[in-house]
Amino acid sequence: QLRAARVSGDTYCRTDSHWNHRGAFVGYHHLMESLALPPLAEAAVQFHEQSLAGDLGGRFKPAYSAPTTYAKIVNPRAKLISDNKANNRGRIIVYEHSDSKLPRCVFFGDSFSMRMIPFLAESFSRLVLVPQANIDFDLVDEERPDVVIAEMVERFLIKIPDDLRSPPARELAQVKGPIEARH
């Protein structure tokens, strides 16, 4: 699907190891299809280009940037409710949509999932995003979602996530604190 979508433009960043928003939109569509849920229409998204050095381009001195595709939701109905701003593991981001009839979702994911957030937030009445590899069963019990999604790219499977022995996200957040508090 990512290769087929390249007729509309790049699906990955040229200076980053992650997909761009167009690629994330393709992944989002495939995910929603597999869940038998209606995806956000492409007409609801505006794609634009912006320069990005990214995790690969930033390795050069001076940093090398290239145009990258970003997306903006035309008429967003989802709102950011909270973000504890913990760095990586322990971070919990919550969005709520004005349509309470949509399903609820808890999404565990890696850095790839971050570019899917704008689309996912428009598809669920409540989206709780937890950027970590393991599933936090305490959080799932607390949220009682209709859908639980775990996303991880293969390069992170060097270490298999331990869902049973990893500390809960809220516990990690308390220990680490918000990003800006540590600077």
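Model, not experiment: these values are computed from the prediction.
- For the side-chain hydrogen bond (donor to acceptor under 3.5 Å, both in side chains) test, no residue two or more places apart in sequence or in another chain qualifies with Asp146.
- Hydrophobic clustering, with ILVMFWY side chains joined whenever heavy atoms are under 4.5 angstrom apart, keeps Leu102 apart from Ile149.
- Residue Leu52 is found in a hydrophobic cluster whose other members, listed by chain and number, are Tyr70; membership requires side-chain heavy atoms under 4.5 Å apart, directly or through intermediates.
- Here CD1 of Ile81 is found 14.5 Å from CD1 of Ile92. Values are rounded to the nearest 0.5 Å.
- Here the closest non-hydrogen pair linking Lys101 and Asp99 is N-OD1, 2.9 Å.
- Counting only residues at least two apart or on different chains, the side-chain hydrogen bond (donor to acceptor under 3.5 Å, both in side chains) pairs with a member in residues 2-11 are Asp10-Arg14.
- Judged as a ring pair (Phe, Tyr, Trp, His ring centres under 6.0 Å), and not counting sequence neighbours, the contacts of His29 are Phe25.
- Linking ILVMFWY side-chain heavy atoms closer than 4.5 Å, directly or via other members, places Ile117 and Leu31 in a single hydrophobic cluster.
- Counting heavy atoms from C-beta on, the side chains of Phe124 and His97 never come closer than 4.5 Å.
- Nearest heavy atom pair, residue Phe119 against residue Ala71, reads CZ-CB, 3.9 Å.
- Connectivity analysis of hydrophobic side chains (ILVMFWY, heavy atoms under 4.5 Å, direct or indirect) links Tyr64 to Phe60.
- When hydrophobic clusters are built by joining Ile, Leu, Val, Met, Phe, Trp and Tyr residues whose side-chain heavy atoms come closer than 4.5 Å, directly or via intermediates, Leu2 is grouped together with Met114.
- When all heavy atoms are compared, the tightest approach of Ala63 to Ala53 is CB-CB, 4.2 Å.
- Between the side chain of Glu151 and the backbone N or O of Asp110, at least one donor-acceptor pair lies under 3.5 Å.
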What side-chain donor-acceptor pairs closer than 3.5 Å can you find for residues 72-79, not counting sequence neighbours?
unit_1: Arg77; atom_1: NE; unit_2: Ser98; atom_2: OG; d: 3.1
unit_1: Arg77; atom_1: NH2; unit_2: Ser98; atom_2: OG; d: 3.2

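- No side-chain heavy atom of Asp83 sits less than 4.5 Å from a side-chain heavy atom of Val94.
- A continuous path of ILVMFWY side-chain contacts below 4.5 Å connects Trp19 to Phe47, so both sit in one hydrophobic cluster.
- What you find for Ser82 and Leu80 is that their closest heavy atoms are O-CD1, 3.5 Å.
- No side-chain donor from either of His48 and Thr69 sits under 3.5 Å from a side-chain acceptor of the other.
- Residues forming a salt bridge (charged side-chain N to carboxylate O under 4.0 Å, His left out) with Glu42 (at least two apart in sequence, or on another chain): none.
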Anything under 3.5 Å between a donor and an acceptor, one on a side chain of residues 136-143, the other on a protein residue two or more places apart or in another chain? List them.
unit_1: Asp136; atom_1: OD1; unit_2: Asp138; atom_2: N; d: 3.1
unit_1: Asp136; atom_1: OD1; unit_2: Leu139; atom_2: N; d: 3.1
unit_1: Asp136; atom_1: OD2; unit_2: Ala169; atom_2: N; d: 2.6
unit_1: Glu142; atom_1: OE1; unit_2: Arg170; atom_2: NE; d: 3.3
unit_1: Glu142; atom_1: OE2; unit_2: Arg170; atom_2: NE; d: 3.4
unit_1: Glu142; atom_1: OE2; unit_2: Arg170; atom_2: NH2; d: 2.6
unit_1: Glu143; atom_1: OE1; unit_2: Arg104; atom_2: NH2; d: 3.4
unit_1: Glu143; atom_1: OE1; unit_2: Arg126; atom_2: NE; d: 2.7
unit_1: Glu143; atom_1: OE2; unit_2: Arg126; atom_2: NH2; d: 3.1

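- For the salt bridge (charged side-chain N to carboxylate O under 4.0 Å, His left out) test, no residue two or more places apart in sequence or in another chain qualifies with Asp16.
- Listed by first then second residue, pairs satisfying side-chain hydrogen bond (donor to acceptor under 3.5 Å, both in side chains) with a partner in residues 113-124 read Tyr28-Ser123, not counting sequence neighbours.
- Contact between Ser65 and Thr15 at its shortest, heavy atoms only, is C-CG2, 4.1 Å.
- Gly27 approaches Met116 most closely through the heavy-atom pair C-CE, 4.0 Å.
- Summarising the geometry, atom CZ belonging to Arg91 is positioned 3.5 Å from atom CD1 belonging to Ile93; distances are rounded to the nearest 0.5 Å.
- Sorted by first then second residue, the salt bridge (charged side-chain N to carboxylate O under 4.0 Å, His left out) pairs that include residues 46-67, not counting sequence neighbours, number zero.
- Checked against side-chain hydrogen bond (donor to acceptor under 3.5 Å, both in side chains), His30 has the following partners two or more places apart in sequence or in another chain: Gln1.
- The side-chain heavy atoms of Phe108 and Asn134, taken from C-beta on, include no pair separated by under 4.5 Å.
- When side chains are defined from C-beta on, Pro38 does not count as touching Met32, because their heavy atoms never get closer than 4.5 Å.
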